[in-house]
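To keep things clear, I will list the structure first and then write my remarks on it.
Keep in mind the model is a prediction, meaning the values are calculated, not measured. Each chain gets a letter, A, B and so on, in the order the sequences are listed, and its residues count up from 1.
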Amino acid sequence: MFAQHIMGLSGLVAATLFIFGLKRMSSPATALSGIVVAGIGMVVAVAASFLTLADLPDAVRPHLAVNLALAALALVLGGGWAWWRGRKVGVTAMPQMVALYNGMGGGAAAAVAAVALSAGGAESAVILAVTVAGALIGSISLTGSVIAWAKLDGKLDKPWRFGTQRIVNGLLFLATVLLGIGIIAFFETPALPVLAVLFFAGALAFGVMMTLPIGGADMPVVISLYNAFTGLAVGLEGYALQNPALMIAGMVVGSAGTLLTLLMAKAMNRSLANVLFSNFGDGAASAGGAEVHGQMKSSEASDAAIGMRYAASVIIIPGYGLAVAQAQQKLYEFVKLLQAAGVDVKFAIHPVAGRMPGHMNVLLAEAGVPYDIIFDMEDINDAFASTDVALVIGANDVVNPAARTDKSSPIYGMPILNADQAHQVYVVKRGQGKGYSGVENLLFYGENCSMVYGDAQAVLTQMVQAVKDIGG
Amino acid sequence: MTIDTSMTWLIALYIFILAAFTGYEVISRVPSILHTPLMSGSNFIHGIVVVGALHALLNATSLFAEIIGFLGVALGAANAAGGYVVTDRMLAMFKSSGDRK
């Protein structure tokens, strides 16, 4: 009984620290300490959970030694692998690691539900229903997140679709829900194991089927949605286990994640339903776009660099291509040369630059760029018209004027950075291909736009050298 | 003397709704500069599922429960540890220009 109260109070402390930590993570000035606070909460929660050893039913005692050894082994293996892997991946790979770890959380929630179902003796139909709902959501999150990870990591390149996909997915989901209801109705009968296996198989399959048709450009929104799903699943399993800390932490993540998802979808001017169910980026849609007028002009990197050196103001728009080329360090070196010459340099970050909102900010921070010269789209979009030079590096869809002008374009209506309004635009691009969404970019054909072809790292190296050659 | 600590569904509903509002409020005024770290941070927080998995494993009385419980703890631990490391790495990069001088 005493142990039970200590566990309960520890859960309260942990939940409080999680919320406090999350709040501190909401501001750049306090973000770093926020994750530490939340980390302390996690340690408290995990340590306290071992107090359950003092209060185990008699039926468990013969298994105690094995269970304890398995628990320690699982903590070391799972935690150690993830810690090592998280330390090892490059910054560009972090969004997909978020997806992978999120999937693991969903899998853990589903596993908790599976154990609860196999143990029998549910106290009420409500708890049983909540357990099954958590299992469904956790399983979908597991497989959906793994697919999202594979897409972001480039292991799955194209959306996979077939004609009656929505009908098939709907039927699969309905069948899985019916199986879940069957589990509740036939609990503690011989039919339970079969129903449970089919139920879990259906839920896992639905996670795959739901995610495969979604285009790569929408993957950040999907990952955020699955993050919210996992939070919800954890909250539900918390209720099944009568653990308020899990309920609080899970539901906080569920609602915070849902809001983040909606904010991201809004930034792309797309409803969540659109992200999940439409065929964004289909070739047919792109082909239907308006015919492009004008032609691309190219510039040498050194000419572009000198143009910026003598400009009064430069706005830089970094995109994922910059990150892939790992050129942010070289870019900042170039920026410092411009600043030393009195040029007013700013960075303009589109909400979905990089592979995830805030991802580009993280990449620039890695290179040492002070965050107070990094601006959000809504704060800087009006400045382009009075800016001498806009430098676009590895960004594509987020500067495509077709989003404003071409009603037939799949990205029509998506808020974009007004790079085309700058006096002169330079676009650093590896080649003449289309961007992530597969849509033709009208900016490249503008009167005031010049293309600088080449790998971002090489181009920026040439730019730095050009500025130094004229006396720095 | 025995104290009943079990939850009625109504208390559970209170907890869920208040937690949902808390999550909404925490995120509602976040600059987009922190969207990815916050997603990663909230990913870390639902790693507390490892506590539920530990409970399931430590109470296991069948081979099936031990195997699935083990899997749950390993996955939950990976979620918590990995989520923490990735978030910490992202946030370690945020320094103002004032700090750097």
Side-chain angles (χ1 to χ4, degrees), chain A residues 18 22-23 25-26 28 31-32 35 39 45 49 52 59-60 67 70-71 74-75 77-79 82-83 86 94 97-98 101-102 104-105 107-109 111-112 114-115 118 126 227 230-231 234 237 239 241 246-249 251-253 255-256 259 351 356-359 361-362 365-366 370 376, chain B residues 7 9 12 15-16 19-20 22-24 26-27 30 32-36 38-43 45-49 51-61 64-66 68-88 90-91 93-94 96-97:
Chain A
F18 286 155
L22 203 56
K23 185 60 184 173
M25 277 187 255
S26 302
L32 187 51
I35 188 61
S49 67
T52 194
V60 179
N67 290 356
L70 285 178
L75 284 172
L77 285 183
W83 192 273
M94 282 187 183
M97 294 314 291
V98 174
Y101 294 141
N102 176 65
M104 290 176 163
V112 170
V115 172
S118 74
V126 171
N227 189 44
T230 301
V234 171
E237 295 312 325
Y239 177 63
L241 296 175
L246 263 75
M247 292 166 65
I248 293 170
M251 191 52 70
V252 164
V253 170
S255 73
L259 180 56
M356 205 169 273
H359 187 208
N361 308 72
V362 170
E366 183 201 26
D376 289 345
Chain B
M7 267 185 288
W9 64 269
I15 292 177
F16 278 136
T22 301
Y24 180 91
V26 165
I27 293 294
V30 175
S32 69
I33 192 175
L34 285 169
H35 278 182
T36 290
L38 260 170
M39 182 189 298
S40 186
S42 61
N43 181 34
I45 286 172
H46 67 47
I48 195 178
V49 68
V51 167
L54 277 170
H55 181 271
L57 177 51
L58 293 177
N59 281 274
T61 56
F64 174 83
E66 283 170 342
I68 301 298
F70 174 88
L71 203 58
V73 173
L75 290 174
N79 185 185
Y84 183 89
V85 167
V86 170
T87 308
D88 181 62
M90 289 184 183
L91 295 178
M93 296 168 185
F94 288 94
S96 70
S97 56

Would B/V26 and A/F18 count as a side chain to side chain contact (heavy atoms under 4.5 Å, CB included) if you check the C-alpha gap in whole Å, the side-chain angles of each, and the deciding distance to 0.1 Å? CA-CA 11 Å; B/V26 165; A/F18 286 155; over 6 Å; no
Just wondering, do A/L32 and B/D88 contact through their side chains at under 4.5 Å, heavy atoms? yes
Residues A/A114 and B/I68: closest non-hydrogen pair is CB-CG2, 4.0 Å
Interface moiety of B/L57 toward chain A, non-hydrogen atoms closer than 4.5 Å: both
Contact part of A/L70 toward chain B, heavy-atom cut-off under 4.5 Å: side chain, backbone, both or neither? both
For B/F64, which atoms come within 4.5 Å of any heavy atom of chain A: side chain, backbone, both, or neither? side chain
One option among A/L77, A/L241, A/T230, A/V126 has the most heavy-atom pairs under 4.5 Å with chain B, and it is A/T230
Quick one, B/I45 and A/V252 - any side-chain contact, counting heavy atoms below 4.5 Å? no
Of B/G52, B/G76, B/G83, B/A53, the largest count of non-hydrogen pairs under 4.5 angstrom with chain A goes to B/G52
With the side chain counted from C-beta on, respond yes when B/T22 and A/M251 share a heavy-atom pair under 4.5 Å apart, and no when they do not. no
My understanding is that only residues two or more places apart in sequence, or in another chain, count here; which of them pass side-chain contact (heavy atoms from CB on, under 4.5 Å) with B/L75? A/M104, A/A108, B/L71
Nearest-0.5 Å distance, OH of residue B/Y84 to CH2 of residue A/W83: 6.0 Å
Can you give me the closest heavy-atom contact between B/I48 and A/A249, atom names plus distance? CG2-CB, 3.8 Å
Winner by heavy-atom pair count (cut-off under 4.5 Å) against chain A, out of B/A65, B/A80, B/G23: B/G23
If you take all heavy atoms of B/A78 and A/A82, which pair is closest and at what distance? O-CB, 3.2 Å
How close do A/G79 and B/A81 get, counting heavy atoms only, and between which atoms? O-CB, 3.4 Å
A/T52: side-chain contact (heavy atoms from CB on, under 4.5 Å) partners, not counting sequence neighbours: A/M7, A/L56, B/H55, B/L58, B/N59
Supply the atom-to-atom distance B/I27 CD1 to A/M25 CE, rounded to the nearest 0.5 angstrom. 9.0 Å
Answer key: most heavy-atom pairs under 4.5 Å with chain A among B/L38, B/V51, B/T61, B/V73 is B/T61
Which atoms of A/I248 are under 4.5 Å from chain B, going by heavy atoms: the side chain, the backbone, both sets, or neither? both
Might you point out which heavy atoms bring A/G86 and B/V86 nearest each other, and give the distance in Å? CA-CG2, 4.2 Å
Work out which heavy atom in A/S255 is nearest to a heavy atom in B/Y24; give both atom names and the distance. OG-N, 3.3 Å
Are side-chain heavy atoms of A/N227 and B/S42 found at a separation under 4.5 Å? yes
Roughly how far, to the nearest 0.5 Å, is OG1 of B/T87 from CE of A/M94? 9.0 Å
